[in-house]
Amino acid sequence: MRRLAPVLREDGVELDLISLIRTILAACKDISFRVGQADLAGVLGSTLDENIQGETQKKLDVLSNQLLKDMLLESGFVRAIASEEEDFVVEGEHGGRFLVAFDPLDGSSNIDVNSLTGTIFSILPVPEEKMAGEPITEQDFLQPGVNQVAAGYVMYGPSTILALTTGKGVRFFTLDKTHGSFLLTQESIQIPEETQEFAINSSNQHKWEIPMQRYIRDILDGKGGIRGKNFNMRWIACMVGDVHRILCRGGIFTYPAHTDEPTKPNKLRLLYEANPMGLLVEQAGGLISTGSENILEMQPTELHQRVPVILGSKQEVKICLDYHDYKF
Ligand code: AFP
């Protein structure tokens, strides 16, 4: 089948990509409503099932996943999806030029306590060799983060906010719940290069490798220590919430490897958490790394692969990487 030339908008973005993003937003509007309904709609609490991550699935995890999967695979723009809540790749029947990997509801541990959650999505091109219609496999999703044609999140907070990049900077859109539209509210998001705010789950301090122990210890020494300034700490237990704060006012976020579980040292997933967040952060002037390599350059090896993550304000991430003897 000859690949038709994509129709482009005046800024060079494919119209099909715009339509695909609108499909994601239609699903996220519904998720935002269900999250807001909570107990009124009986959607809190857990199911009796576990996902491939070995995590008990919350009712809203399953509902959000089903909404996104159904709408994306029916859209005609998406060949296949990958999800935190799906063991394997799910192929659609209607063609399309894109693959979508997503975490349908990030921050599941916050659902039942009415705290922040969000949807994270990563949009990849269908490999050229599969455009004629050959079956899509897991291998087709294993593309480096730099291949993403778009990435973003929708945060379900006091307001529902979309952060989006198509490779031309980062913009915020706020859901106008009266009319059901996401309206552009901030353009050209830029992360401040320096910060005095860090985000890490400090309860894991005894599990961190030495470089991260030293980096955090020097931060906690405050003004009298080697850093010469005091820091503030935030931890939302929802990557979407912590990254949104960093996009708004700077900061550094890290989920380092844990030394107590050699077979499963990392928590955050590469394809549908680190890569989309990494593209947003880099497009907003920040940095992302595992501590030893740039995450967006990594060649993924499996669908639900996990990686250590350090991201945020460029200068602060560089200081953290110096503790890891990172060679720029
Ligand atoms: P859940 O979606 O299972 O709550 O995990 C959220 C997350 O992947 C990420 O969004 C948070 O930054 C991180 O895990 C929180 O991990 P801890 O619960 O170990 O602090």
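Read the numbers this way: they start at 1 and go in the same order the structure lists the ligands and their atoms. Heavy atoms only: backbone and side chains are in, while hydrogens, waters and symmetry mates are out. No experiment lies behind these values; they were computed from the predicted model shown.
There is no side-chain donor-acceptor pair under 3.5 Å between Gln315 and Glu194.
Ligand 1 has a nitrogen or oxygen under 3.5 angstrom from a nitrogen or oxygen of Tyr255. Considering backbone and side-chain atoms together, Gly107 places an N or O closer than 3.5 Å to an N or O of ligand 1. Remark: ligand 1 and Lys267 share an N or O pair separated by less than 3.5 Å (distance only, no angle test). Between Ser109 and ligand 1, at least one pair of N/O atoms sits closer than 3.5 Å.
Closest to atom 7 (C) of ligand 1, if we only count protein heavy atoms, is Asp106 OD1, 3.9 Å. Regarding atom 8 (O) of ligand 1, its nearest protein heavy-atom neighbour is Glu273 OE2, 3.2 Å. Closest to atom 1 (P) of ligand 1, if we only count protein heavy atoms, is Ser108 N, 3.5 Å.
For the pair Glu273 and Arg306, the salt-bridge criterion is not met [side-chain N within less than 4.0 Å of a carboxylate O].
Taking a 6.0 Å sphere around CZ of Arg214, one finds it holds 12 or fewer heavy atoms contributed by other residues, nucleotides or ligands. In the displayed structure, Ile226 atom CD1 is contacted under 6.0 Å by at most 12 heavy atoms of other residues, nucleotides or ligands.
Those atoms of ligand 1 with a heavy atom of Leu268 less than 4.0 angstrom away are 8 (O), 9 (C). Below 4.0 Å from some heavy atom of Asn201 lie the following atoms of ligand 1, by number and element: 17 (P), 19 (O), 20 (O). Interface atoms of ligand 1 facing Phe253, defined by a heavy-atom separation under 4.0 Å, are 12 (O). Every atom of ligand 1 with a heavy atom of Met239 under 4.0 Å away is listed here by number and element: 9 (C), 10 (O), 11 (C), 12 (O). Counting atoms of ligand 1 from 1 in the listed order, those under 4.0 Å from a heavy atom of Arg269 are 8 (O).
Centroid-to-centroid, the aromatic rings of Phe198 and Trp235 stay 6.0 Å apart or farther.
Counting heavy atoms from C-beta on, the side chains of Gln205 and Ile200 never come closer than 4.5 Å.
Not a single heavy atom of Glu84 sits under 4.0 Å from any atom of ligand 1.
Side-chain atoms of Gln196 come within 3.5 Å of backbone N or O of Asn230 as a donor-acceptor pair.
The ring-ring contact (aromatic ring centres under 6.0 Å, His included) check on Phe172 picks up His244, with sequence neighbours excluded.
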*Could you go through the ring-ring contact (aromatic ring centres under 6.0 Å, His included) check for Tyr215 and Tyr323 one step at a time?*
CA-CA 6 Å; Tyr215 169 67; Tyr323 281 76; 5.5 Å; yes

